[in-house]
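Some notes on the structure that comes next.
No experiment lies behind these values; they were computed from the predicted model shown.
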Amino acid sequence: MSSFDTEVFIIGAGMSGLGLAVQLIRQFGVRDFEIIEKTDNVAGTWHANTYPGCGCDVASHFYSYSFALNPDWSRKYSMQPEIQQYFRSVAEQYRIVEQVRFHTVVERAEWDDVSKIWAVTVLDMKSKVRRIRKCKILVSAVGALSVPKQCDVVGKEEFEGPLFHSAEWDHSFNWKNKEVVVLGNGCSATQFVPIMASGPDSVKKITQFGRQAQYLSERENPYYSSTFKATMRYVPLAMRLYRAYFYWQMERDYPGFDIEGGRGIRQDLAKENEAYVKKMAPRKYWDALIPKTEIGCKRKVLDTDYLATLHKENVELISEDPVQEITKQGVRTKSGREIRADAIVLAIGFATQQMLFPMEIVGRNGLGLNKYWGQTTQSVAQAYFGTCVPDFPNFFIMMGPNTTTGHLSVIYTVECQINFTMRLIAPILKTLPAYRSRSLTPSFLLSSPTSVEVRHEAARDDSAWIQREAKKLVWSSGCVNWAVDPKTGMNNMMYPGFQFMYWARSIFFPKQDFLYLESATGREVDPSISWLKTMGLFAGAGLLVGGGLVGVGLVSADAVNPRPFWRTIG
């Protein structure tokens with residue numbers, strides 16, 4: 001009987017969790033995994049966020065998995081229902097839905113260094129029953145935008161009407177002819193404000209408070225014709241080339257993030273932005289809409305008719321008189337102005353600095369993840385390649401620290417992380433029953449590592465490089481943004497490099513940065529060394545036999561390569 005309940009335990013059925021599960025199936029034929037999901041469906045943020053006008057600001061043909069191209073996207077930038085359905089269809093295609101435990105959350109996960117397993121405490125939110133699930137490999141796929149930021153305005157408990165975050169939209173609220181206050185002017189607000197303020201069911205008045213101006217740029221969102229869809233479906237490589245076109249368009253923006261070298265690029269973009277705002281928005285709001293900070297320091301917002309909506313009589317934008325207090329009937333501003341509200345909508349973003357909150361992850365020797373970060377990085381989350389943390393064996397974080405980009409698709413980044421993780425766990429998966437039951441490779445030809453973790457010095461060096469390079473980029477130029485910890489000034493969100501380099505790192509990483517241990521002896525093992533090498537056979541005979549095994553697919557090329565060339569990189 002196995003000492004664990006499932007081989008791979010995945011927390012979250014969003015984009016990253018589903019993507020990792022698919023690769024377990026595609027690359028290893030492994031279906032012995034379990035996914036925990038707090039909601040009632042897959043797709044993560046694209047299931048949770050259902051506010052009016054919710055959509056993506058990355059073109060759909062690139063905001064999708066490279067292994068599940070979709071020729072039938074309806075338009076360039078798809079809306080939430082279509083994106084959610086896409087992820088659902090992928091989950092159904094690979095029969096993953098049946099392995100998801102919905103309405104369930106992880107409260108605690110603790111590493112057992114004797115048994116070399118993770119013991120995960122899960123809570124069924126409906127029955128309130130707690131269970132312990134044991135696994136060999138634990139993956140957090142909760143995402144960086146999973147916990148809505150809490151409202152910190154005094155008096156929120158006193159308000160007598162609906163008060164809700166845009167990520168937890170109250171669909172029972174009918175805004176027709178109502179007075180609504182919106183706190184925030186980021187991406188979600190610029191999407192739902194135009195819808196609430198327009199049409200026969202519009203609000204009576206919507207008053208929006210914006211703290212900092214956002215860079216708004218023009219967005220054309222054409223519908224795709226049937227001819228275009230047919231081209232994507234039937235013409236060889238058409239979708240690949242279209243994706244490559246979007247990749248090139250976005251990746252070429254990266255040099256503009258450099259504080260010094262990208263100044264000219266940013267100045268040109270800032271002028272373009274200012275001209276667009278002045279063309280589209282009322283003059284009285286120009287100061288509120290044209291940022292004084294460096295472009296790129298805050299997330300760029302695509303204009304979804306928001307600027308045109310500011311011309312409407314039932315819309316008011318307030319930028320220099322912030323809300324001081326929430327009252328029973330509305331809000332009171334710093335100047336003392338009373339604004340009545342039937343409802344208050346919070347468009348204030350997510351708690352990006354509370355990584356993996358509120359789960360408790362406990363590694364070797366009872367060391368909690370938050371305590372580890374407190375001891376090593378001033379309580380700012382850091383991880384090697386945004387994925388691995390020392391003293392937390394067989395634990396991997398999708399969309400972890402410093403994996404976000406300011407210019408590309410997050411799915412691209414996550415696929416790189418999955419690619420990296422698959423390479424790390426391959427030697428372990430190959431020792432487990434699900435893989436061995438279908439493998440033709442005799443077990444005595446395989447190494448037998450039971451755990452893998454990043455070494456302390458490698459993680460320290462990676463974090464130091466991240467922080468050093470991040471200081472050179474616009475996120476550290478002075479504006480308040482969600483990427484930089486306000487207490488320490490450390491950046492725990494953005495990756496300071498081209499994404500093609502991030503992809504390269506997912507493949508050509510220094511194997512010496514990782515420690516593989518054997519269960520029976522606790523000794524360090526080299527997973528690239530096969531039984532043939534340990535027997536100390538003649539070098540020539542070893543190469544001949546090893547080459548034959550590679551040729552027929554019994555062992556990987558790593559097993560007979562005494563020193564892969566990428567081992568010296570890094």
Side-chain angles (χ1 to χ4, degrees), residues 14-16 19 44-46 56-66 77 83 141 143-146 186-187 214-215 217 219 243-259 261-262 265-266 269 293-302 349-350 352-353 355 380-387 397-421 462-463 465-477 479 481-485 490-507:
M15 173 270 296
S16 56
T45 189
W46 293 108
C56 189
D57 57 5
V58 176
S60 299
H61 276 275
F62 195 60
Y63 193 82
S64 50
Y65 296 124
S66 63
Y77 300 99
I83 299 171
L145 304 180
S146 60
C187 184
Q214 308 281 346
Y215 276 99
S217 61
R219 185 192 77 162
R243 282 172 62 92
Y245 166 71
F246 285 125
Y247 169 82
W248 174 78
Q249 275 197 322
M250 291 183 282
E251 187 77 292
R252 67 178 181 174
D253 288 341
Y254 179 75
F257 290 110
D258 187 273
I259 292 177
I265 298 174
R266 293 197 306 277
L269 290 173
T293 56
E294 290 279 356
I295 191 169
C297 189
K298 293 177 70 70
R299 181 182 176 184
K300 181 176 68 174
V301 177
L302 298 183
F350 295 84
T352 58
Q353 302 300 326
M355 194 69 68
V380 176
Q382 294 284 272
Y384 184 100
F385 200 65
T387 310
I397 308 170
M398 298 296 104
M399 292 185 69
N402 302 106
T403 57
T404 308
T405 75
H407 66 293
L408 212 68
S409 166
V410 68
I411 298 184
Y412 177 98
T413 305
V414 166
E415 285 202 67
C416 291
Q417 279 193 283
I418 293 172
N419 187 24
F420 172 77
T421 301
D462 187 62
S463 176
W465 176 82
I466 287 281
Q467 296 305 320
R468 183 173 64 251
E469 295 302 309
K471 292 292 184 184
K472 303 174 184 178
L473 304 176
V474 290
W475 306 300
S476 297
S477 62
C479 79
N481 59 60
W482 56 285
V484 176
D485 176 63
M490 292 179 64
N491 190 320
N492 78 328
M493 294 301 297
M494 314 304 287
Y495 183 75
F498 284 99
Q499 283 296 285
F500 76 84
M501 292 300 297
Y502 191 77
W503 168 82
R505 283 192 63 194
S506 75
I507 301 173

Going by the rule salt bridge (Lys or Arg N to Asp or Glu O under 4.0 Å), which residues pair with [X] if we only count those two or more places apart in sequence or in a different chain?
X	answer
R266	E294
K472	E469
D253	none
E251	none

Point-to-point distance, once rounded to the nearest 0.5 Å, from [atom1] of [X] to [atom2] of [Y]:
X	Y	atom1	atom2	answer
T403	M493	OG1	CE	6.5 Å
S463	R468	OG	CZ	10.5 Å
W475	I259	CH2	CD1	10.0 Å
I397	Q417	CD1	CD	8.5 Å
W46	C56	CH2	SG	4.5 Å
F498	F257	CZ	CZ	10.5 Å

_Students often mix this up, so state it plainly: with edges at 30° and 60°, are the rings of F420 and Y384 parallel, tilted or perpendicular?_
parallel
For this session: Anything under 30° is parallel, anything over 60° is perpendicular, the rest tilted; go ahead and classify Y495 against Y502.
Result: perpendicular
Is there a side-chain contact between [X] and [Y] in this structure, where contact means two heavy atoms from C-beta onward sitting under 4.5 Å apart?
X	Y	result
S217	K300	yes
Y254	L473	yes
Y247	S409	no
N491	N402	yes
F62	Y245	no
E415	S506	no
M15	V410	yes
M250	Q499	no

Taken in chain and number order and not counting sequence neighbours, the residues that satisfy side chain to side chain donor-acceptor pair (under 3.5 Å) with D462 are R505
Search all heavy atoms of [X] against all heavy atoms of [Y] and return the closest pair with its distance.
X	Y	result
M494	A483	CG-CB, 3.5 Å
L408	V58	O-CG2, 4.5 Å
G497	H407	O-CE1, 4.5 Å

**Item:** Trace of the side-chain contact (heavy atoms from CB on, under 4.5 Å) decision for Y412 with W503
**Value:** CA-CA 9 Å; Y412 177 98; W503 168 82; 3.4 Å; yes
Check your understanding: Is the backbone N or O of D57 less than 3.5 Å from a side-chain atom of R219, with the two atoms forming a donor-acceptor pair by type?
Key -> no
S476 side chain to A470 main-chain N or O, any donor-acceptor pair under 3.5 Å? yes
Q.
R243 vs S64, test: side-chain hydrogen bond (donor to acceptor under 3.5 Å, both in side chains). Steps then yes/no.
A. CA-CA 10 Å; R243 282 172 62 92; S64 50; 3.3 Å; yes
For C297, the disulfide bond (SG atoms under 2.5 Å apart) test, sequence neighbours excluded, returns C479
Exercise. Are D485 and N492 close enough, and set up right, to give a side-chain contact (heavy atoms from CB on, under 4.5 Å), and what steps lead you there?
Worked result: CA-CA 7 Å; D485 176 63; N492 78 328; 5.6 Å; no
